[in-house]
Amino acid sequence: MDRYLGGEDIDLGTLVQDLERAVARGSAPALHAEVVEIAAARIEACKTRFRRIEDTTVGADLEGHAIVHIALGLMAGRTEETKVRLTEAAVELLRQYVKPAEGLVLHASAEVRDLDTSYRKFEG
């Protein structure tokens, strides 16, 4: 057993399997589709990664909470309206695909930001 999601002792193997199921069900592809539709991105430019955080605190609570946050980085130039629409779509996808483990309160959020002008990438 490991400590995760606000200090709860749970089986991390089960969490990873649950996350993999969520991705397989379409949460990442669904988010990519929204980015393409709303922000006019190319589908091949969309990438998703999941990072686990071992310890979280909400208010004074050291346990009982799960936090899921989507941070979307886009090349500069999208309007604020586009960013808001994409953020709302991301939060709705979290609502659809992410369910908290029993006994946990889910805190889900999203943000869209412009990538810095120094952003570069390499594929190959």
Side-chain angles (χ1 to χ4, degrees):
M1 300 299 257
D2 291 291
R3 293 181 63 77
Y4 182 63
L5 297 177
E8 296 289 320
D9 287 329
I10 57 177
D11 180 2
L12 284 180
T14 301
L15 273 181
V16 170
Q17 290 172 355
D18 289 347
L19 181 57
E20 289 170 350
R21 272 189 235 113
V23 172
R25 285 194 320 247
S27 61
L31 178 60
H32 295 176
E34 293 291 345
V35 173
V36 169
E37 180 180 329
I38 295 170
R42 294 177 304 114
I43 191 68
E44 50 279 339
C46 298
K47 298 161 188 73
T48 297
R49 68 178 171 195
F50 295 91
R51 291 187 289 186
R52 180 173 34 120
I53 305 297
E54 294 295 330
D55 296 305
T56 60
T57 302
V58 174
D61 296 337
L62 297 176
E63 55 187 55
H65 299 270
I67 300 171
V68 178
H69 180 73
I70 295 176
L72 292 157
L74 298 174
M75 298 300 287
R78 273 47 174 231
T79 66
E80 289 303 311
E81 177 186 345
T82 296
K83 293 177 193 175
V84 168
R85 285 183 55 217
L86 188 52
T87 301
E88 290 170 349
V91 169
E92 182 56 34
L93 288 171
L94 286 174
R95 189 175 286 115
Q96 291 175 27
Y97 286 98
V98 180
K99 305 298 181 207
E102 188 173 324
L104 295 178
V105 175
L106 176 62
H107 302 268
S109 58
E111 68 176 315
V112 175
R113 63 177 176 80
D114 289 338
L115 293 171
D116 190 82
T117 56
S118 66
Y119 174 80
R120 299 292 184 272
K121 67 179 181 176
F122 168 77
E123 295 178 22

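Excluded from the calculations below are hydrogen atoms, water molecules and symmetry mates; all remaining heavy atoms, backbone and side chain alike, are included. Positions are given from 1 along the sequence.
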Summary of salt bridge (charged side-chain N to carboxylate O under 4.0 Å, His left out) pairs that have at least one residue in residues 115-124, sequence neighbours excluded: K47-E123, K121-E123
Mind checking the CG-OH spacing from D114 to Y119? Nearest 0.5 Å is all I need. 13.5 Å
If you measure from OG on S109 to CD1 on I67, what distance do you get to the nearest 0.5 Å? 8.0 Å
If you count every heavy atom of other residues, nucleotides or ligands that lies below 6.0 Å from E81 atom CD, does the total exceed 12? no
Tell me yes or no: between the side chains of T56 and H65, is some donor less than 3.5 Å from an acceptor? no
Beyond-backbone contact of [X] with [Y], side-chain heavy atoms, under 4.5 angstrom:
X    : Y    : value
V105 : D61  : no
E80  : T82  : no
K99  : L106 : no

Show me the side-chain donor-acceptor pairs of residues 85-93 shorter than 3.5 Å, one per line, residues at least two apart or across chains.
{"residue": "T87", "atom": "OG1", "partner": "K83", "partner atom": "O", "Å": "2.8"}
{"residue": "E92", "atom": "OE1", "partner": "R95", "partner atom": "NH1", "Å": "2.6"}

Result block: side-chain N/O donor-acceptor pairs under 3.5 angstrom for residues 33-40, not counting sequence neighbours:
none

